Amino acid sequence: MKNTTILGLLATAGFSQAAILVDGTLDSDYGSALATQSVETQFGDSAGGFSGGGELDAAYARVQGGRLFVMLTGNIEPNFNKVSIFIDSKAGGENTLVSQDYDFGNVANNLAGLTFDSGFAADYHLFGRWGGGAFELEFVDRDNGSTTPTVFEGDASTGSGTAVQSGTISGTTIDFGFNNNNSAGVAGGTAAADQIAAAAVTTGLEFSIDLADLGSPTGDIRIFAGYGNGDHNFWSNQILGGLPADTGNLGGDGAGGFTGNSGGVDFNNYGGDQFFTVTVPEPSTALLGGLALLGLLQRRR
């Protein structure tokens with residue numbers, strides 16, 4: 001058997017090492033969505049670009065080359081509303097968030113009291129916002145609720161002021177891409193989402209980060225993604241994993257009311273898991289066996 005045939009079989013079995021391009025556009029290497037939106041958006045159905053409205057259509061993630069890659073398809077309104085991604089990747093963490101000083105005016109304090117599903121304990125908080133200029137992304141090591149979280153900030157260095165941008169977060173290994181040109185996906189409202197339409201969206205917010213910056217996990221990484229206002233005290237119904245159909249905006253009390261904080265939001269009160277899971281791959285025995293066979297064939301040439 002030719003060497004090229006062996007390599008082809010390994011690639012067909014899922015061992016391709018092609019790098020994912022972090023540009024805000026979905027790569028085929030991600031495979032199928034790990035979470036697809038289940039409810040229409042009550043934060044406005046976006047027509048793309050600089051139009052209003054925000055939605056989270058689907059979530060994709062995989063580990064490749066020692067990095068975690070995440071793609072959230074959908075739209076972010078250019079009014080400083082925020083997409084928040086909480087990552088549970090190591091022992092410890094917070095199932096119920098405590099008060100911490102970060103973000104403009106320390107508005108992250110408004111997150112205190114928000115409770116995730118049982119089994120999810122946030123270690124890191126990554127959030128993005130866009131006011132029409134440079135897209136901004138921040139990464140926070142919440143350090144088990146420490147009074148001194150570690151905060152890193154980054155602005156897009158390419159495409160600032162347009163609907164397609166990219167950049168890095170200084171002091172970290174994080175690269176990000178943002179493409180706000182989606183005009184399809186879920187409709188506006190609170191009914192069950194058209195999940196076929198949601199799964200068809202291919203642009204949104206994408207980032208990658210070295211596993212060493214996430215505590216060097218070796219097992220499952222759990223990820224929560226949610227869309228809300230700029231002060232972290234009013235949540236939409238755009239959560240991945242999705243909320244039950246007919247769920248409206250969560251607000252700050254979990255029922256759409258404004259309370260000035262997120263302390264009334266408890267995701268245990270909604271059916272299903274409001275997070276998705278990606279596994280850090282271990283070396284595959286099939287891959288190692290194939291490489292050993294390839295080496296044997298090369299020695300016999």
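Positions are given from 1, in the same order as the sequence printed here. Basis for what follows: all heavy atoms, side chains included, without hydrogens, waters or symmetry-related copies. The structure presented is a predicted model; accordingly, all values stated were derived computationally and were not measured.
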Using side chain to side chain contact (heavy atoms under 4.5 Å, CB included), reason through Q64 and D29 one step at a time and then give a plain yes or no. CA-CA 10 Å; Q64 184 185 82; D29 273 12; 3.5 Å; yes

Please report the C-alpha distance between R222 and D273 in whole Å, then the side-chain angles of each, then the deciding distance to 0.1 Å, and finally whether the salt bridge (Lys or Arg N to Asp or Glu O under 4.0 Å) criterion is met. CA-CA 11 Å; R222 297 177 177 88; D273 287 331; over 6 Å; no

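- Under a 3.5 Å cut-off, the side chain of D194 and the backbone N or O of A198 do not form any donor-acceptor pair.
- In this structure, the side chain of N180 engages the main chain of I76 through a donor-acceptor pair within 3.5 Å.
- The closest side-chain heavy-atom distance from I85 to Y124 is not below 4.5 Å.
- The shortest distance between side-chain heavy atoms of Q195 and S38 falls below 4.5 Å.
- Looking at L56 and T41, their side chains never come closer than 4.5 Å, going by heavy atoms from C-beta outward.
- For D57 (side chain) and T36 (main-chain N/O), no donor-acceptor pair under 3.5 Å exists by modelled atom type.
- A ring-centre distance under 6.0 Å is found for H125 and Y102.
- Between the side chain of Q238 and the main chain of N249, no donor-acceptor pair closer than 3.5 Å is present.
- Between D45 atom CG and E55 atom CD the span is 5.5 Å, to the nearest 0.5 Å.
- Between F276 and A225, the shortest heavy-atom contact is CE2-CB, 4.5 Å.
- Using bins of under 30°, 30° to 60° and over 60° for the plane-to-plane angle, the ring pair W130/F178 lands in the perpendicular bin.
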Assess whether side-chain hydrogen bond (donor to acceptor under 3.5 Å, both in side chains) is satisfied between N237 and T247, documenting all intermediate values. CA-CA 7 Å; N237 61 352; T247 303; over 6 Å; no

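- At a threshold of 4.5 Å between side-chain heavy atoms, the hydrophobic network of Ile, Leu, Val, Met, Phe, Trp and Tyr places V70 and L211 in one connected group.
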Take T168 and D175 through the side-chain hydrogen bond (donor to acceptor under 3.5 Å, both in side chains) test and state the conclusion after the steps. CA-CA 4 Å; T168 61; D175 300 320; 5.3 Å; no

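- Of all non-hydrogen atoms in Q37 and A193, the two that sit nearest each other are O-CB, 3.5 Å.
- Side-chain heavy atoms closer than 4.5 Å link hydrophobic residues (I, L, V, M, F, W, Y) into clusters, and following such links, even through other members, never connects V164 to L205.
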Trace of the ring pair (Phe, Tyr, Trp, His ring centres under 6.0 Å) decision for F224 with F267: CA-CA 11 Å; F224 164 97; F267 288 102; 5.1 Å; yes

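- Linking Ile, Leu, Val, Met, Phe, Trp and Tyr residues whenever their side-chain heavy atoms come within less than 4.5 Å leaves V278 and F275 in two separate clusters.
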Where do D103 and K82 land on the salt bridge (Lys or Arg N to Asp or Glu O under 4.0 Å) test, with the steps shown first? CA-CA 11 Å; D103 204 354; K82 290 170 183 169; 2.3 Å; yes

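- Taking both residues in full, the closest heavy atoms of F104 and E136 are given as CE1-OE1, 4.2 Å, listed atom of the first, atom of the second, then distance.
- With a 4.5 Å cut-off on side-chain heavy atoms, F86 and F116 count as touching.
- Under the 30°/60° scheme for interplanar angles, the aromatic rings of F43 and F234 are found to lie parallel.
- A donor-acceptor pair is defined here as one N or O able to donate and one able to accept, closer than 3.5 Å; such a pair exists between the side chain of D88 and the backbone of A121.
- Hydrophobic cluster membership differs between L21 and L68, with clusters built from Ile, Leu, Val, Met, Phe, Trp and Tyr side chains linked at under 4.5 angstrom.
- For the pair N182 (side chain) and A184 (backbone), a donor-acceptor distance under 3.5 Å is present.
- Of all non-hydrogen atoms in G241 and A35, the two that sit nearest each other are CA-CB, 4.0 Å.
- Atom OG1 of T190 sits about 5.5 Å away from atom CG of D246, to the nearest 0.5 Å.
- When side chains are defined from C-beta on, I87 does not count as touching D123, because their heavy atoms never get closer than 4.5 Å.
- The minimum heavy-atom distance linking S183 with A47 is given by the pair CB-O, 3.3 Å.
- Looking at heavy atoms from C-beta onward, L240 lies out of side-chain contact with L34 at the 4.5 angstrom threshold.
- By the rule that hydrophobic residues join a cluster once side-chain heavy atoms approach within less than 4.5 Å of another member, L72 and Y227 end up as members of one cluster.
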Check the pair V140, F127 against side chain to side chain contact (heavy atoms under 4.5 Å, CB included), reporting the backbone distance first and the verdict last. CA-CA 9 Å; V140 181; F127 58 95; 4.0 Å; yes

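- Under the 4.5 Å side-chain criterion, counting only non-hydrogen atoms from C-beta, T115 is in contact with N268.
- A donor-acceptor contact shorter than 3.5 Å links the side chain of S262 to the backbone of H232.
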Working note: I169 + E138, criterion side chain to side chain contact (heavy atoms under 4.5 Å, CB included); need CA distance, chi angles, decisive distance, verdict. CA-CA 7 Å; I169 297 182; E138 294 193 28; 5.9 Å; no

Please determine whether side-chain hydrogen bond (donor to acceptor under 3.5 Å, both in side chains) holds for the pair E206 and Y30, giving the CA-CA distance in whole Å, both sets of side-chain angles, and the decisive distance to 0.1 Å. CA-CA 11 Å; E206 183 177 21; Y30 277 109; 2.8 Å; yes

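- Between the side chain of R129 and the backbone N or O of P78, no donor-acceptor pair lies under 3.5 Å.
- Counted by atom type alone, T259 and D253 present zero donor-acceptor pairs between their side chains at under 3.5 Å.
- When each of I221, I223, D220 is checked for a side chain to side chain contact (heavy atoms under 4.5 Å, CB included) with T277, only D220 meets the rule.
- E94 approaches L97 most closely through the heavy-atom pair OE1-CA, 3.6 Å.
- Atom OG of S208 is separated from atom CE of M71 by 12.5 Å, given to the nearest 0.5 angstrom.
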Determine, stepwise, if the pair Y60 / T73 fulfils side chain to side chain contact (heavy atoms under 4.5 Å, CB included). CA-CA 8 Å; Y60 303 79; T73 58; 3.9 Å; yes

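- Taken to the nearest 0.5 Å, the CG atom of D27 stands 10.5 Å off from the OG1 atom of T202.
- For the pair Q100 (side chain) and S146 (backbone), a donor-acceptor distance under 3.5 Å is present.
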In sequence, state the C-alpha distance, the side-chain angles, and the governing distance for N109 and D101, and then conclude on side-chain hydrogen bond (donor to acceptor under 3.5 Å, both in side chains). CA-CA 6 Å; N109 282 308; D101 292 341; 2.8 Å; yes

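- Taking 4.5 Å as the limit, some side-chain heavy atom of L126 sits within range of a side-chain heavy atom of I174.
- Side-chain atoms of T203 never come within 3.5 Å of backbone atoms of G24 as a donor-acceptor pair (strictly under, hydrogens ignored).
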